[in-house]
Amino acid sequence: MKPLRGRFRKEVEKKVVEYTASIDFDKRLYKHDIAGSIAHARMLAKQAIISNKEAELIVMALTSIRDEMEQGIFAFSDDLEDVHMNIESRLIEKVGEVGQKLHTARSRNDQIALDMRLYVKEAIYNTIEKLIELQKALLDLAEANKDEIMPGYTHLQRAQPVLFAHHLLAYFEMLRRDVERFHDCRKHADVMPLGSGALAGVPYPIDREFLARELGFSQISENSIDAVSDRDFVIEYQAAASIAMMHLSRLAEELILWSSAEFGFIELDDAYTTGSSLMPQKKNPDVAELARGKTGRVYGNLLAILTTMKALPLSYNRDLQEDKESLFDSVDTLLSTLDVFAGMVRTAKMKGDKTRRATEEGYILATDLADYLVKKGVPFREAHSIVGGLVQHAIENEKSFKELGIDEYKSFSQYFDNDVYSITVDSSVKARNAVGGTAPEQVKRQLARARTIVESV
Ligand code: ARG
């Protein structure tokens, strides 16, 4: 069966067939397409638009077509343009005239809208599952190193000491919002478009609620023109995927930095690193680098679909066929990145001695000295300036805070006393006990809350 040659006098140019065919990539939707057709056939029978016998034949044939596809023995053909025509043509081959009745009260326009919605719902399910796996890996690594201290950074300059677990839990929070974003996206994808026809609806007594129930949708679309025109649920997936990849690329960047000799904060497992073909000593964080790199293509995919949809007149236009490859690419990229990250994080070894040493070098406790003066009644701005002078003095004399004598302290402020020496990295961390801070008590609370979140799903 060649597609739709009824009103044409000529065969389509071969290159036009190739240019317009989508079967190479939309065959990926076969399960969703067949599920939609089975539900549609059952609905047509229930509404006495076709007979029960006819529906049964159609459903049986569709099921065996699905088997052929699963076994890889289905002969896809470019000439049949897309997944819908490939399946329908095989159906007619199998059951003859009865197969020609399946497309009653349906258009490929509402059919593809349905397939895409089913696909996006499934992709969201898988994405959320993998996001949670990575959250668990981060949480396990944080719990296993819950007492370790590292320098916290701003401007990539050592700023204040923090618990390593606190830093990791920041990523947990980002991923938690990613999960929420995908849940929101699911709400919008979870609308059943079948029954919209080409654009105007169909002139048959169909039961759309039945279709929604059969196909696991919680709502039906309210406007047939909107239902065949829009792909905002695809854009939402792409946007949520871009944000998630942005988060992963930040984690990637930190793992790359931390595993360098310059930082030496973590060691990535051999199974998650690669060697150099030239330099025998190299152990490269390629997984993290590729994730950082792949973020670009996911952003590109978002921009591609936004641009395709921009200024597109209602309702269906063939441009919409361009929604697929970029979506599949983002889904594949995000799922594989999440998957490999969970393993990489789970097997990473944190080097607590190194991170602690990094907090003990330099003047990371300067804010704590200022806070010390504030507690003795010095206004914060003045305390800030006093400690600034003290840091300058210490640098010039190549001394750490610990190595400065009490006279040196006192020459900057009379409020300094011997108890200034009890300010340590540990006391600094412990002091930041307001909710959400880095104090062990707060981090313990965060860890427990995080555990409840991943275990409640
Ligand atoms: N391959 C098309 C798509 O992906 C399916 C719908 C085609 N409809 C049409 N009237 N040509 O959007």
Side-chain angles (χ1 to χ4, degrees), residues 1-8 10-13 15-37 39-40 62 65 69 74 76-92 100 102-123 189 191-202 215 221 224-238 301 304-331:
M1 185 182 91
K2 287 263 170 80
L4 321 172
R5 294 317 292 160
R7 57 105 72 205
F8 298 91
K10 279 186 180 171
E11 286 300 308
V12 182
E13 277 285 347
K15 53 187 146 197
V16 173
V17 171
E18 282 164 12
Y19 190 73
T20 55
S22 54
I23 188 62
D24 277 353
F25 51 89
D26 70 14
K27 62 175 145 202
R28 191 162 157 163
L29 297 171
Y30 78 89
K31 265 191 301 178
H32 313 92
D33 198 71
I34 290 176
S37 289
H40 185 67
L62 286 171
I65 292 171
M69 289 181 167
F74 186 94
F76 288 100
S77 155
D78 243 16
D79 286 340
L80 294 170
E81 199 173 297
D82 56 26
V83 68
H84 323 299
M85 306 293 275
N86 269 268
I87 292 171
E88 192 181 345
S89 159
R90 180 83 180 116
L91 174 71
I92 293 165
Q100 298 200 23
L102 175 64
H103 213 52
T104 314
R106 190 173 72 167
S107 152
R108 280 187 296 163
N109 297 354
D110 56 355
Q111 197 177 349
I112 190 61
L114 173 76
D115 293 2
M116 291 298 283
R117 284 175 181 274
L118 286 170
Y119 174 82
V120 166
K121 282 176 68 180
E122 184 182 287
V191 178
M192 206 290 301
L194 218 52
S196 301
L199 78 159
V202 298
L215 293 165
S221 54
S224 61
I225 297 176
D226 175 45
V228 298
S229 302
D230 212 349
R231 294 292 183 272
D232 52 9
F233 60 99
V234 174
I235 297 176
E236 281 184 43
Y237 185 95
Q238 293 279 25
N301 290 336
I305 182 67
L306 279 170
T307 311
T308 296
M309 299 296 293
K310 176 181 178 294
L312 207 57
L314 303 182
S315 62
Y316 179 84
N317 298 273
R318 192 63 180 273
D319 313 44
L320 291 178
Q321 181 167 298
E322 286 294 308
D323 61 353
K324 291 173 198 58
E325 286 159 290
S326 52
L327 176 64
F328 297 158
D329 184 60
S330 287
V331 172

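Just so you know, ligand 1 is whichever comes first in the structure, and atom 1 is the first atom listed for that ligand.
- Judged by the 6.0 Å distance and 45° axis criteria, R117 is positioned over the aromatic ring of F233.
- Those atoms of ligand 1 with a heavy atom of S22 less than 4.0 angstrom away are 1 (N).
- Salt bridge annotation for E81-R108: present, with a cationic side-chain nitrogen under 4.0 angstrom from a carboxylate oxygen.
- Residue contacts with ligand 1: K324 is included, with a non-hydrogen atom under 4.0 Å away.
- A cation-pi arrangement, defined by a distance under 6.0 Å to the six-membered ring centre and an angle within 45 degrees of its axis, is absent between K324 and F25.
- In summary, the atoms of ligand 1 found under 4.0 Å from a heavy atom of N109, numbered by their order in the structure, are 8 (N), 9 (C), 10 (N).
- Each of R106, H32, H103 was compared with S37 under the side chain to side chain donor-acceptor pair (under 3.5 Å) criterion, and only R106 meets it.
- Considering backbone and side-chain N/O atoms, Q321 comes within less than 3.5 Å of an N/O atom of ligand 1.
- Within ligand 1, the atoms closer than 4.0 Å to a non-hydrogen atom of Y316 are 2 (C), 3 (C), 5 (C), 6 (C), 7 (C), 8 (N), 9 (C), 12 (O), numbered from 1 in the order shown.
- Partners of S330 under the side chain to side chain donor-acceptor pair (under 3.5 Å) rule, at least two apart in sequence or in another chain, are Q238, N301.
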